[in-house]
Amino acid sequence: MAFSDLLEQVGSTGCFQFLHVTLLSMPILMMASHNLLQNFVAAVPPHHCAPYANLSMSSMGAGDVLQATVPLDQNGKPERCRRYVHPQLQLLSSNSSESLWEEGVEEIETQSCEDGWYYNTTEMSSTIISEVNGKFGGTCAAFSTSFTMFCIFRVCCGMALSGLVLNSFSLIVEWIPTRVRTVVGTGTGYFYTAGQLILAAVAYCIRDWRWLTLAVSLPFYVSFLYSWWFLESARWLVLTKKSEQAVKNLKTVARINGRRAEADKINFEMLQESMKKEMACSKGSYSALDLLRTSTMRTITVCLSAVGFSTSFAYYGLSMDLQKFGVSIYLIQIIFGAVDIPAKILVTISMSMLGQRPSQCRALVLAGVMILINLLVPYDLQVLRTSLAVTGKGCLAASFNCCYLYSGELYPTVIRQNGMGWVSMMARFGAMVAPMVLLLGEDSPWLPGFIYGGAPIVSGIFAFLLPETLAQPLPDTIQDRNSAFRNLLLLYIYIYIVGTESIQTPLHFSLFVKLQPFAKII
């Protein structure tokens, strides 16, 4: 992997890397605000059917109008979607609210909310729900005049955010050395964590959904202005036959890192000679089909698809339904965001010491177990239920952090964008399906939680089938990844046959070599 030597020559952890990673991470800071924006702009305020238009408000207080118009549900609260067919003024003569529910009162005929709804705007002055009476991108979404327009712009926003995180992460990992990849990847994840906390603060200060959407969208224009000065990956430029531009970028990095002497040494011949093998192996064009062309790539793609889908599926299943916890939506957003801090610290330590594969497996399985245990906790124990949900969400945040780093390390440079794009698409598909599963709870309240908890556990098994990447250089070509996978499989077979005690003896080394043709067949 000759590019790592070139990177060390021009400076692998210098001023350039600091600026590069920081500026690429700034949009991720606000990406969390958009991903979780629906918790606030589409929050469902307390509501009930609007009173009859011909019901006089001058002689009656708001409480009397509500009492004569809307029946109470089983919990003693106003029904949200039913009202009396005719105003029940006789109910106002009762001396207490308890006497209203004598035998026979429940039999009064009711109807749906023919005149719309009344929304309590104490907590939020306006949401998309209150504006369009319960029907379900970016800056343009704030100026939407219809539900259809709002949906179109939000879809465009989601597409843009997917490309943003994909390109940002690829550019980050390709300009940093192997030894700091885990730490830098986790540090980038903390920008997303900080974004969740920022969203809670901004939403608390701005209660109108249009102004809130605008507030979390405008910062992206700043990132748009400086994004034109980002340097393209020199590794990718070499492998796509753009070596002259790669030389220019490497020289620029060396100068920014204060290594002008090294910058003068780099030329086209030196680059071509040092990456001769990679350039020879990368001949031809690559497409998404290469993700499935070899058995190694098929295994990686299928397993990462399961991991990406289930992580996002369970993550947004928990994070997009904050109102169910029965506490302030702003407080629970802060708690859900803050739990990422210890979770990502722990997964960083785990990835650095144990490796990416065991860290990914454990995070997924533990998240699923926490969600399933929550199904057994009585609903009135809200503190315990919230604690288990927060723990599960922290494990899923750790899984997300590991998944993006793991994907970038598993896919070779020539198809890294395609591979990470596919995993990102599967994650988005999981996020899209997650809210639909909540609808199953209308008939079986336990079913959504069972599905949210079962999916991560199953994908944890898929993650176990992936190769380890701890302390391994980034593969540049598909051949590099195939060879690494075969060697890892060969090592497992070797250790199974001879054990670990005599692993360095000439006799066993000879056996290791003889097993190579068998590994190639596999």
Handout entry: Heavy-atom check, side chain of Asn418 versus side chain of Asp290, under 4.5 Å
Key = no
Practice task
Could you list the residues that satisfy ring-ring contact (aromatic ring centres under 6.0 Å, His included) with Phe16, not counting sequence neighbours?
Solution key: His20, Trp175
Exercise for the section: Measure across Glu8 and Pro177 and return the closest heavy-atom pair with its distance rounded to 0.1 Å. Expected result: OE2-CB, 3.7 Å
Problem - Geometric class of the Phe220/His34 ring pair [parallel <30°, tilted 30-60°, perpendicular >60°] - result: tilted
Practice task
For the residue pair Gln38 and Pro435, establish whether any side-chain heavy-atom pair is separated by less than 4.5 Å.
Solution key: no
Could you list the donor-acceptor pairs under 3.5 angstrom formed between side-chain atoms of residues 21-33 and any protein atom two or more places apart in sequence or on another chain?
residue: Thr22; atom: OG1; partner: Phe18; partner atom: O; Å: 2.7
residue: Ser25; atom: OG; partner: Val21; partner atom: O; Å: 2.7

Practice task
Could you grab the distance from atom CG of Leu7 to atom OG1 of Thr13, nearest 0.5 Å is fine?
Solution key: 9.0 Å
Exercise for the section: Compare every heavy atom of Leu354 with every heavy atom of Pro358, then report the nearest pair and how far apart it is. Expected result: CG-O, 3.3 Å
Handout entry: Phe224 atom CZ, neighbour heavy-atom count above 12 within 6.0 Å
Key = no
Practice task
Mark yes or no for whether Ser407, through its side chain, and Cys403, through its backbone, hold a donor-acceptor pair below 3.5 Å.
Solution key: yes
Practice task
Over all heavy atoms of both residues, which pair between Arg260 and Arg255 is shortest? Give the atoms and the distance, please.
Solution key: NH1-CD, 3.7 Å
Exercise for the section: Rounded to the nearest 0.5 Å, what's the gap from CD1 on Ile176 to CG on Leu171? Could you check? Expected result: 11.5 Å
Handout entry: Within-4.5 Å side-chain heavy-atom neighbours: Arg428 and Leu161
Key = yes
Handout entry: Validation row: Thr301, Tyr411 side chains within 4.5 angstrom (heavy atoms)
Key = yes
Practice task
Mind listing the closest non-hydrogen atom pair of Leu466 and Ile300 along with its distance?
Solution key: CD2-CA, 3.8 Å
Completion exercise
Between Ala215 and Ile206, the two heavy atoms sitting closest are CB-CD1, 3.7 Å
Practice task
Evaluate the side-chain proximity of Met351 to Asn401: yes if any heavy-atom separation is below 4.5 Å, no if none is.
Solution key: yes
Exercise for the section: Assess the side chains of Glu232 and Gln245: does a donor N or O sit below 3.5 Å from an acceptor N or O? Expected result: no
Exercise for the section: Could you note down all residue pairs passing salt bridge (charged side-chain N to carboxylate O under 4.0 Å, His left out) where residues 415-424 supplies at least one of them, sequence neighbours left out? Expected result: Glu174-Arg416
Practice task
Mind checking disulfide (SG to SG under 2.5 Å) for Cys49 and listing every partner two or more places apart, or none if nothing turns up?
Solution key: Cys113
Practice task
Mind listing the closest non-hydrogen atom pair of Gln196 and Gly337 along with its distance?
Solution key: OE1-CA, 3.6 Å
Practice task
Decide yes or no on side chain to side chain contact (heavy atoms under 4.5 Å, CB included) for Ser312 and Met426, but give the supporting numbers first.
Solution key: CA-CA 9 Å; Ser312 183; Met426 293 304 296; over 6 Å; no
Practice task
Examine distances only and state if a side-chain atom of Asn249 and a backbone atom of Ser233 form a donor-acceptor pair shorter than 3.5 Å.
Solution key: no
Exercise for the section: Could you tell me whether the side chain of Arg259 reaches within less than 4.5 Å of the side chain of Val10, counting heavy atoms only? Expected result: no
Practice task
Without swapping roles, check the side chain of Tyr190 against the backbone of Ile341 for a donor-acceptor pair under 3.5 Å.
Solution key: yes
Using atom types as modelled, flag every donor-acceptor pair under 3.5 Å from a side chain in residues 444-465 to any protein atom, sequence neighbours excluded.
residue: Tyr452; atom: OH; partner: Ala434; partner atom: O; Å: 2.4
residue: Ser459; atom: OG; partner: Ser310; partner atom: OG; Å: 2.5
residue: Ser459; atom: OG; partner: Ala455; partner atom: O; Å: 3.3
residue: Ser459; atom: OG; partner: Pro456; partner atom: O; Å: 2.9

Exercise for the section: Indicate yes or no: at least one non-hydrogen side-chain atom of Gln17 is less than 4.5 angstrom from one of Val180. Expected result: no
Exercise for the section: Could you tell me whether the side chain of Val165 reaches within less than 4.5 Å of the side chain of Tyr404, counting heavy atoms only? Expected result: yes
Handout entry: Under 3.5 Å: donor-acceptor pair, side chain of Lys393, backbone of Leu318
Key = no
Practice task
Would you please name every residue forming a side-chain hydrogen bond (donor to acceptor under 3.5 Å, both in side chains) with Asn35, sequence neighbours left out?
Solution key: Tyr192, Tyr316
